Amino acid sequence: MKFNIAAGLLVSFMVGSSASAATIVTPETVEAQKKATRTLVLESGVIVILRRIPDSGISSISVGFGVGSANQPPGRKVLNDWAMSSMARAAKGYPKKKLSALTERYSIGIGCGGGVEFSHCSMTTLTSYWGQAFAAFAAVVNHPIFDATDVKLQKARMEASFKGMSEDPGSWSNDVVNRIYYPPGHPYRLVRDEALGELAGLGSDDVGAYHKSLMAGSPPVIVVVSDLADDKILADITKAFGGWGGKKQEPLKVDAPAFEAAKSFAFEDRDIPTAYIKLKFPAVGAAGKDSVASRLTFEILNEELWDEVRTRKSLSYGVGAAQIQYRSGIGAISVSTSKPQETMEAIATVIQRMKTKRFSQAEIDRFKVVFSTSYFLTQETHGGVAGALLSTFNYYGTTDRLYEMPRDLEGVTAGDVQRIAQEILKEMRIGVVYSKAKFSPAWASTFNEKVK
């Protein structure tokens, strides 16, 4: 490959950082990336985003749907993942053996996946095989064949995955806290026992019906990252998807779960020597004005927790903070420890420090370097670029925000980090998997009192 978007951005980062620790990319780099990206709308309402990477020899396409499990009513939330994960096995004109032989012969990667707010089908191939690959991919999206055996097998895999959650106390603590974090009926709620109950009550016909509803919904957003001529790509997409008959639907509105002190603690009694604790709280959403600053805040929080809980006090080998930025943001802190009371006190200390300490600009800039590097690494492949462009457009309605993000990061100050910490690090729901005889619920109440 002669050109790589991440490599190009990293060169700009290295040049900029030699002049100033706060400079991540130059304005010229941002504008160059924008100019290399086109957004068009077909008559059917299908949105097409073209990102040209000359002479790369690789082409990736991602068809994104604006629905996920959050759009489904209780009782049918598992259908999104079930249907999407079953789609790429066979299609009209491409029975399973033929599709498998084609993808193996030409090293074509085709797959579909469900998500909480969005779903997608993607394909990557050598540009020289675009014709063979695109025809098969279009059939998978438009006319998948849901073979009863394959659908049943995928159902069994999902059931095994949900059942296996309880075997790992670390993962299980997330399910425990979700029971109280998301009230019944919340779009994001999908706890294990409810998911298993849904799977038991649904069948192959429901999977096929879900795909029909997908095709009857909002026209998709299609992203192509390639060295093919734009006219060629547009002609193929128009032929395959230009007659979309679905109707536009309004985006789902999701509110952060309201905090109730009486319902802020959940416990799973296990006779185990280590406590697995998950703290969950509302955070900044993907399209929030502080979305970039919030991501940096969590990078800092994660390191501060490690330094305090692991390095200074040796209370845990597994502690960290992370966030998920959907339309409604979700923050989480996870820890495993044999000394839960002392560990929760240490975490509270870190949170209080995040709220009261004003980091120096040098400290903030150091975290920007780490964060920006991880940002560029997500765009090393054509598929990664396509996914990043699709996600950005889903939340912002433009791809410009992807390229502007490093510049936004440059503007984050120590004051922003402190303000965000003060706004979100509070009112935490706490889920614990541990021996009931070794844990006092009062510790959870005391913790929330300290961080409020």
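Small disclaimer: the values here were computed from a predicted structure and weren't measured.
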Enquirer: Could you tabulate the donor-acceptor pairs under 3.5 Å formed by side-chain atoms of residues 64-72, not counting sequence neighbours?
Expert:
unit_1 : atom_1 : unit_2 : atom_2 : d
N71    : OD1    : G68    : N      : 2.9
Q72    : NE2    : G68    : O      : 3.4

Enquirer: Can you tell me if S86 and Q154 form a side-chain donor-acceptor pair at under 3.5 Å?
Expert: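 No, no side-chain donor-acceptor pair sits under 3.5 Å.
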
Enquirer: Is any side-chain heavy atom of S218 less than 4.5 Å from a side-chain heavy atom of K248?
Expert: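 Answer yes - side chains close enough.
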
Enquirer: Taking atom NZ as the centre, does K263 end up with more than 12 heavy-atom neighbours from other residues, nucleotides or ligands that are less than 6.0 angstrom away?
Expert: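 No - once you tally the heavy atoms of other residues, nucleotides and ligands closer than 6.0 Å, there are 12 at most.
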
Enquirer: Give a yes or no answer on whether the side chain of R310 reaches the backbone of G318 with a donor-acceptor pair at less than 3.5 Å.
Expert: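 No, the answer is negative, given that no donor and acceptor are paired below the 3.5 Å cut-off.
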
Enquirer: Using modelled atom types only, decide if a donor and an acceptor are shared between the side chain of K313 and the backbone of T343 within a distance under 3.5 Å.
Expert: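 Checked: no pair found.
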
Enquirer: To the closest 0.5 Å, what do you measure between CD1 (I351) and CD (E304)?
Expert: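 Here the rounded value is 12.0 Å.
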
Enquirer: If the test is side chain to side chain contact (heavy atoms under 4.5 Å, CB included), which one of I333, L279, V176 qualifies with I430?
Expert: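 The residue from I333, L279, V176 that satisfies side chain to side chain contact (heavy atoms under 4.5 Å, CB included) with I430 turns out to be L279.
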
Enquirer: If you measure from the Lys or Arg side-chain nitrogens to the Asp or Glu carboxylate oxygens, is any gap between R419 and E423 under 4.0 Å?
Expert: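 Between E423 and R419 there is a salt bridge, with a charged N closer than 4.0 Å to a carboxylate O.
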
Enquirer: Over 60° means perpendicular and under 30° means parallel, so classify the ring planes of W130 and F134, tilted if in between.
Expert: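 The rings of F134 and W130 lie parallel, inter-plane angle below 30°.
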
Enquirer: Has T356 got a side-chain atom pairing as donor or acceptor with Q352's backbone, closer than 3.5 angstrom?
Expert: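 Judged by distance alone, yes, a pair lies under 3.5 Å.
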
Enquirer: Donor-acceptor pair, distance only, cut-off 3.5 Å: does the side chain of T311 make one with the backbone of E308?
Expert: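 Absent.
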
Enquirer: Examine distances only and state if a side-chain atom of T337 and a backbone atom of L315 form a donor-acceptor pair shorter than 3.5 Å.
Expert: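 Flag set: sc T337 to bb L315 pair under 3.5 Å.
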
Enquirer: Stepwise, does the ring pair (Phe, Tyr, Trp, His ring centres under 6.0 Å) test hold for F265 with F447?
Expert: CA-CA 11 Å; F265 177 69; F447 176 86; over 10 Å; no

Enquirer: For the side chain of S173 and the backbone of G170, is there at least one donor-acceptor N/O pair under 3.5 Å apart?
Expert: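 Answer holds: yes.
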
Enquirer: Between Q132 and R105, is a side-chain hydrogen bond (donor to acceptor under 3.5 Å, both in side chains) present by the stated rule, with each step listed?
Expert: CA-CA 11 Å; Q132 298 94 324; R105 179 179 181 182; over 6 Å; no

Enquirer: Taking only Lys NZ, Arg NE, NH1 and NH2, and the carboxylate oxygens of Asp or Glu, determine whether R407 and E410 approach each other closer than 4.0 Å.
Expert: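 So R407 pairs with E410 through a salt bridge.
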
Enquirer: Whether the side chain of Y396 engages the backbone of A286 through a donor-acceptor N/O pair (distance < 3.5 Å, no angle test) should be reported.
Expert: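 The answer is yes, because a donor-acceptor pair under 3.5 Å joins these two groups.
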
Enquirer: Strictly by modelled atom types, are S294 and Q323 linked by a side-chain donor-acceptor pair under 3.5 Å?
Expert: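 Looking only at side-chain atoms, Q323 and S294 do form a donor-acceptor pair, the distance falling under 3.5 Å.
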
Enquirer: Kindly compute the distance separating CG (D400) from OG1 (T39), expressed to the nearest 0.5 Å.
Expert: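 Interatomic distance, D400 CG to T39 OG1, rounded to 0.5 Å: 8.0 Å.
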
Enquirer: Please work out which of the three classes, parallel, tilted or perpendicular, describes the rings of Y182 and H186, given edges at 30° and 60°.
Expert: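 Rings of H186 and Y182: tilted, 30 to 60°.
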
Enquirer: Rounded at 0.5 Å granularity, tell me how far CZ in F367 sits from CD in E303.
Expert: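 Rounded to the nearest 0.5 Å, the CZ-CD separation comes out at 3.5 Å.
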
Enquirer: Is there a donor-acceptor contact under 3.5 Å linking the side chains of T37 and Y403?
Expert: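 Side chains of T37 and Y403: pair found under 3.5 Å.
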
Enquirer: Within the supplied structure, the quantity of interest is the number of heavy atoms (other residues, nucleotides, ligands) at a distance under 6.0 Å from K34 NZ; does it exceed 12?
Expert: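 Yes.
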
Enquirer: Return the NZ to CG distance between K278 and D175, rounded to the nearest 0.5 Å.
Expert: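 So the NZ of K278 and the CG of D175 are separated by 11.0 Å.
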
Enquirer: Mark yes or no for whether T399, through its side chain, and F393, through its backbone, hold a donor-acceptor pair below 3.5 Å.
Expert: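 It does not hold such a pair.
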
